[in-house]
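Here is the structure we will look at, set down as structure tokens.
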Protein chains: 2
Amino acid sequence: MSIEDLSIILKEKGFKVTPQRLAIYDMLKNTKSHPSIDMIYNSLKDNFPTMSLATVYKTVDMLKKLNLVQELNVGEGSFRYDANVASHPHVICYKCHRVDDLEDADFDDLIEKVNKLTDYDIKNQKLYFYGYCPQCKGKDTAK
Amino acid sequence: MSIEDLSIILKEKGFKVTPQRLAIYDMLKNTKSHPSIDMIYNSLKDNFPTMSLATVYKTVDMLKKLNLVQELNVGEGSFRYDANVASHPHVICYKCHRVDDLEDADFDDLIEKVNKLTDYDIKNQKLYFYGYCPQCKGKDTAK
DNA sequence: GTGTTTGCAAATATTTTGCAGTAAG
DNA sequence: CTTACTGCAAAATATTTGCAAACAC
């Protein structure tokens, strides 16, 4: 979704269109790095000298509630974010903590499978696969 | 694994066998609630009046490194722990935040599948399924 | 102009660390 | 008796909140 589309959605919902909101969404939309709040803040503060962490937190929370970003819990002390809201697995490097999408995989049938196995009414899934990325694998120094 | 077995392992590794360590592992072993550090601390402090949060953090970290507990990141502000270290999916209630095991499911083939799809060397997986538990489903008030 | 948003600073929550006293072996 | 461990308190880290000034509309 483009910045223009975001502007339309924000207006429809009665939210104001601010440069900070557009910049944060634009940054998330144009990266595959699955950044944390801090990484978003640091990548934007040069162009927005007054950008604050609080604004990044508030904006990401809003985007999450609008279902325009998804939150990942890869096992670090902080969350990471992905503007690709389609349910897709993530692979995480034990060593360099890189987070990549696994886009070609079709694991959507798992929700149905799990629904049959439990009395829960399952709506969503988060699948994380851990190992060593191409750059880190082979090089000793384990986990 | 029993408290006695834990004692043996601790001794083998050169760690001391303390009442706190046994109590924390025993608590984790005998619950299916996937407690957070705080929940462990609160459930033990009545019987161990001097139990401290720091000791719970340190002990759980040790158990994690010994591969006697696994850490879950279900999307809250803190981690949860499971003394069942076998790789098994978890189901989480959006409403009451209950975390249950999905023990009958066999999803072990996913690691192989993912290994073929990426250049990562995948070693482990964490699968989370979100929805409404039997007690919460049906009752309005969404997510 | 009105009402929301920003960004600072303070507050809260979670986890880690330093260290003196305590307990395990 | 020696060394590791506990538990307190302080520090470090992550996130949330209150509020005055600034901005969107």
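Just so it is clear, the structure is predicted and the values come from calculations on it, not from any experiment. Within every chain, numbering begins at 1; the chains are lettered A, B, ... in the order of the sequence lines, protein sequences first and strands thereafter.
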Problem - Upstream residue (5' side of DNA chain D) when B/G14 and B/T50 are each assigned their closest nucleotide - result: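 This one resolves to B/G14.
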
So if I take every side-chain heavy atom of [X] and compare against [options], which nucleotide ends up nearest?
X	options	answer
B/A54	C/dT17, D/dC25, C/dT6	C/dT17
B/Y57	C/dG7, C/dT4, C/dT14	C/dT14
B/Q20	D/dG18, D/dA24, D/dT6	D/dT6
B/T18	D/dT6, D/dG18, D/dT15	D/dT6
A/R21	D/dT6, D/dG7, C/dT5	C/dT5
A/S78	D/dA14, D/dC8, C/dT15	D/dA14
A/F79	D/dT15, C/dT5, D/dT6	D/dT15

Problem - Nearest atoms (heavy-atom pairs only) where A/P35 meets A/L28 - result: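 Looks like CG-CD2, 3.7 Å.
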
Practice task
With DNA chain C as reference, determine whether B/K11 or B/I37 sits nearer its 5' end, using the nearest nucleotide of each.
Solution key: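 Comparing both residues, the 5'-ward one is B/I37.
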
Practice task
Would you mind telling me which residue lines up with the more 5' stretch of DNA chain C, B/P19 or A/S52, judged by nearest nucleotide?
Solution key: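 Nearest nucleotide further toward 5': that of A/S52.
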
Problem - Euclidean distance, atom CE of residue B/M62 to atom C1' of C/dT15 [Å, nearest integer] - result: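 B/M62 atom CE is separated from C/dT15 atom C1' by 18 Å.
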
Exercise for the section: Please assess B/Y120 against A/Y132 for the test ring pair (Phe, Tyr, Trp, His ring centres under 6.0 Å), listing each intermediate value before the final yes or no. Expected result: CA-CA 5 Å; B/Y120 273 66; A/Y132 296 93; 9.1 Å; no

Exercise for the section: Would you mind classifying the nucleic acid contact of A/T55 as base, sugar-phosphate or nothing, using non-hydrogen atoms under 4.0 angstrom? Expected result: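 The answer is base, as A/T55 lies within the cut-off (heavy atoms under 4.0 Å) of a base atom.
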
